[in-house]
Protein chains: 2
Amino acid sequence: MIERHLAKIRARHSLSADEEQAIRALVPPSRQVPRNSIIVHEGKRLEVSTLLLDGLLCRYKDMPDGKRQITQIHVGGDFADLHAFTLKRLEHNIMALTDCTLSAVPHESIRVLVEQQPRLGRLYWFSTNLDASMNREWELSLGQRSAAGRLAALFCELHYRLVMVDMNGDSFNLGMNQAQLADALGMTAVHVNRTLRMLRDQRLLDYHRGEANILDLKGLEMLAEFDLSYLYLDADPL
Amino acid sequence: MIERHLAKIRARHSLSADEEQAIRALVPPSRQVPRNSIIVHEGKRLEVSTLLLDGLLCRYKDMPDGKRQITQIHVGGDFADLHAFTLKRLEHNIMALTDCTLSAVPHESIRVLVEQQPRLGRLYWFSTNLDASMNREWELSLGQRSAAGRLAALFCELHYRLVMVDMNGDSFNLGMNQAQLADALGMTAVHVNRTLRMLRDQRLLDYHRGEANILDLKGLEMLAEFDLSYLYLDADPL
DNA sequence: CGTAGTTTTGAGATCGGTCAATATTTGTGG
DNA sequence: CCACAAATATTGACCGATCTCAAAACTACG
């Protein structure tokens with residue numbers, strides 16, 4: 001299952017046999033968690049980072065008055081909180097959107113790995129910087145795109161991220177209800193519902209109880225003015 | 001002038017004399033650039049990262065139809081594009097908001113430094129992860145806060161970031177006109193104007209032609225439901 | 001002192017929010 | 001397998017925060 005993690009790295013950078021071996025050795029046996037489990041609690045000290053082998057996770061921040069913003073979604077192959085290696089505590093929560101298979105990698109192992117294999121250190125640093133790039137793209141989405149554009153951009157992003165790790169990017173279970181989509185896109189569940197219907201009527205996207213079906217990727221990209229470059233699929237050698 | 005950079009690091013982590021020396025040795029002589037200069041162009045390959053010694057910068061993304069989102073603001077002491085050390089090309093531009101003093105640090109120097117001093121490597125990795133935390137907070141702001149809340153949150157953040165590097169956080173020149181504030185906050189210049197007047201009438205903030213005057217920090221924090229923790233001022237040892 | 005950039009203000013439009021009712025689906029115990 | 005409860009989705013009517021367009025006032029600066 002670690003194959004997806006390797007695929008994600010290989011989508012951007014080469015990996016020597018030696019490096020691949022070191023990564024495989026890094027990852028302890030996995031465990032399962034059910035949908036809606038909270039994997040990481042805001043503010044709690046972390047000694048491990050969670051590699052997501054299968055399933056979907058999200059990161060989210062809550063406000064005192066109950067408002068919630070989902071700041072990122074993770075797919076199989078992602079290190080969900082590698083940034084905790086340096087931050088030690090996170091200012092957000094992480095929750096399973098679907099049943100998930102996880103592996104908890106001790107920070108101590110990561111420290112040793114990046115010291116012994118500096119190039120892998122740069123690759124993992126790259127990985128957290130790539131997450132940040134997605135955060136910036138979501139800022140763009142939240143600040144500048146219409147409701148329909150935000151929805152379209154989200155599904156375009158997920159499409160490419162899933163394809164990259166050899167999953168079906170056209171039809172997948174996102175495990176999010178409309179209220180959760182609303183929390184990710186800075187809108188209300190009611191308006192998500194109406195906008196989803198609009199996208200369905202236009203034969204762009206069909207979303208039914210967590211099951212996403214991309215009907216017209218190019219149409220969604222046009223609607224979102226989607227520009228792939230923020231996913232760094234053409235990364236330079238490190 | 002590198003003192004601000006050291007102060008920013010010291011606000012979160014200890015620094016040995018040896019480490020401080022290594023950082024000082026890293027930074028080449030500075031240069032000046034005028035207000036509104038574009039420091040980094042989207043997509044261009046970078047061999048150096050820019051340390052901002054004095055002045056204000058912003059990162060922004062443009063859309064084909066002319067919409068623009070400012071995704072982050074940098075103050076003196078910040079490494080404005082340290083993430084380019086691993087990304088090599090950036091998906092956004094970086095522009096000087098005020099006249100700036102910059103130092104261009106070669107990626108090759110950074111590579112040598114982090115290999116020879118792994119702890120400094122973790123500190124700089126932390127620094128890019130801290131930037132990402134601010135991006136997530138801006139996502140929260142753009143997605144969940146009202147226009148007034150977004151404005152308030154921005155000035156609260158700038159206050160603390162400036163104080164941390166021994167600058168005046170109550171009264172400072174941000175160098176942004178109302179249209180630029182609008183691009184940062186996902187609203188229109190007209191509405192920025194009206195909201196600014198509201199904050200002035202409520203004696204919370206006075207903003208006049210780029211000059212910010214925080215009149216009531218606690219009031220702004222309450223309005224924004226501001227929570228400092230995302231700035232990681234109480235970081236754990238690395 | 002003229003001109004360009006910026007800020008301010010007004011009137012009207014609209015996107016998305018709010019509230020509330022209804023319908024549908026899913027899960028559970030018997 | 002059914003009956004019910006809980007969660008989720010859908011729809012309608014109305015509201016309001018923010019946008020749009022346009023004009024006027026101010027400011028900076030060569």
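Each chain gets a letter, A, B and so on, in the order the sequences are listed, and its residues count up from 1.
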Q) Over how many whole Å does the gap from Leu196(B) atom CG to dC26(D) atom P extend? A) 18 Å

**Q.** Glu211(A) CD to dT24(C) P, straight-line distance once rounded to whole Å
**A.** 21 Å

Q.
I want to check one thing: is the phosphate of dT7(C), taken as OP1 and OP2, less than 4.0 Å away from some side-chain N or O of Asn193(B)?
A. no

(Q) Need one value for Gly210(A): base, sugar-phosphate or nothing, where a base atom within 4.0 Å counts as base even if backbone is also close, heavy atoms only. (A) nothing

Q. Does the side chain of Met176(B) reach to within under 4.5 Å of the side chain of Ile70(B), using non-hydrogen atoms?
A. yes

Q. Will you find, in the side chains of Glu157(B) and Tyr230(B), an N or O donor that is under 3.5 Å from an N or O acceptor?
A. yes

Q: To the nearest Å, give me how far apart OH (Tyr207(A)) and C1' (dT10(D)) are.
A: 16 Å

Q: Calculate the interatomic distance between Leu142(A) atom CG and dG16(C) atom P; express it in whole Å.
A: 12 Å

Q. How close or far is atom C1' of dG16(C) from atom CG of Leu181(A), stated in whole angstroms?
A. 16 Å

**Q.** Euclidean distance, atom CG of residue Asn36(A) to atom P of dG27(C) [Å, nearest integer]
**A.** 12 Å

Q.
By nearest atom, which of the nucleotides dT18(C), dT24(C), dG16(C) is closest to the Thr188(A) side chain?
A. dT18(C)

Q: Tell me yes or no: between the side chains of His92(A) and Thr71(A), is some donor less than 3.5 Å from an acceptor?
A: no

Q. How do His208(A) and Arg194(B) order along DNA chain C: which one's closest nucleotide is nearer the 5' end?
A. Arg194(B)

**Q.** From dC21(D), dT18(D), dT10(D), nucleotide with atom closest to Val190(B) side chain
**A.** dC21(D)

**Q.** dA9(D) phosphate, OP1 or OP2, under 4.0 Å from Arg197(A) side-chain N/O
**A.** no

Q.
Can you confirm whether Met222(B) is buried at CE, in the sense that more than 12 heavy atoms of other residues, nucleotides or ligands lie under 6.0 Å from that atom?
A. no

Q: Please determine, for the side chain of Asn177(A), which listed nucleotide (dT10(D), dT8(D), dC19(D)) has the closest atom?
A: dT8(D)

Q) For the pair made of NE2 in His191(B) and P in dT7(C), what is the distance, rounded to whole Å? A) 16 Å

(Q) Using a 4.0 Å heavy-atom cut-off, does Ser146(B) contact any base of the nucleic acid, only the sugar-phosphate backbone, or nothing at all? (A) sugar-phosphate

Q: Using whole Å, report how far CD of Gln178(B) lies from C1' of dT27(D).
A: 13 Å

Q: Return yes if a side-chain donor-acceptor contact under 3.5 Å exists between Glu139(B) and Asn135(A), otherwise no.
A: yes

